[in-house]
Amino acid sequence: MLNRYSFTSDAGDSVSSAHGTLQGGAMIASGAVQLDGVGAYVGLPNGILSSLASVSIEVWLTDNGSSWWSR
């Protein structure tokens, strides 16, 4: 594992120093990133993936606002 973002209090990387930043109104609440579905996001450092030949990303997501047709 090269990086880990738990989002318990911020967008810090607990494995290395590739810390993220909360952008566009993103916030941490109840140990999770809260996004508004419009402009909020987590910014990661430039080039974080550029030296890798392959990548696996695991995400736990709760979708509370999409329509019935969302995928």
Side-chain angles (χ1 to χ4, degrees):
M1 179 181 330
L2 298 176
N3 306 96
R4 178 176 171 83
Y5 303 92
S6 298
F7 303 111
T8 54
S9 62
D10 60 17
D13 181 354
S14 62
V15 174
S16 72
S17 61
H19 305 300
T21 57
L22 301 173
Q23 302 288 323
M27 66 178 85
I28 305 294
S30 301
V33 177
Q34 302 287 317
L35 305 175
D36 63 9
V38 178
Y41 65 96
V42 177
L44 298 178
N46 290 336
I48 193 169
L49 302 176
S50 61
S51 66
L52 303 175
S54 63
V55 63
S56 294
I57 298 173
E58 177 182 346
V59 177
W60 289 19
L61 172 75
T62 302
D63 184 352
N64 291 325
S66 293
S67 300
W68 61 272
W69 49 264
S70 64
R71 308 288 185 268

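Because the structure is a prediction, the values reported are computed rather than measured. Note: hydrogens, waters and symmetry copies are ignored here, and every other heavy atom, side chains too, is used.
For the side chain to side chain donor-acceptor pair (under 3.5 Å) condition, no pair includes a residue of residues 41-52, sequence neighbours left out.
Across every non-hydrogen atom of Ala26 and Ala40, the tightest pair is N-CB, 3.5 Å. Considering all non-hydrogen atoms of both residues, Asp13 and Ser16 come closest at OD2-OG, 2.6 Å.
Under the rule for a side-chain hydrogen bond (donor to acceptor under 3.5 Å, both in side chains), the partners of Ser6 that lie at least two apart in sequence or sit in another chain are Arg4. Shown here are the side chain to side chain contact (heavy atoms under 4.5 Å, CB included) partners of Asp10, two or more places apart in sequence or in another chain: there are none. Shown here are the side-chain hydrogen bond (donor to acceptor under 3.5 Å, both in side chains) partners of Gln23, two or more places apart in sequence or in another chain: Thr21.
Leu22 belongs to a hydrophobic cluster whose other members, connected by ILVMFWY side-chain contacts under 4.5 Å either directly or through intermediates, are Leu2, Tyr5, Phe7, Ile28, Val33, Leu35, Val42, Leu44, Ile48, Leu49, Leu52, Val55, Ile57, Val59, Leu61. Counting side-chain heavy-atom gaps under 4.5 Å among Ile, Leu, Val, Met, Phe, Trp and Tyr, the cluster of Met1 also holds Val15.
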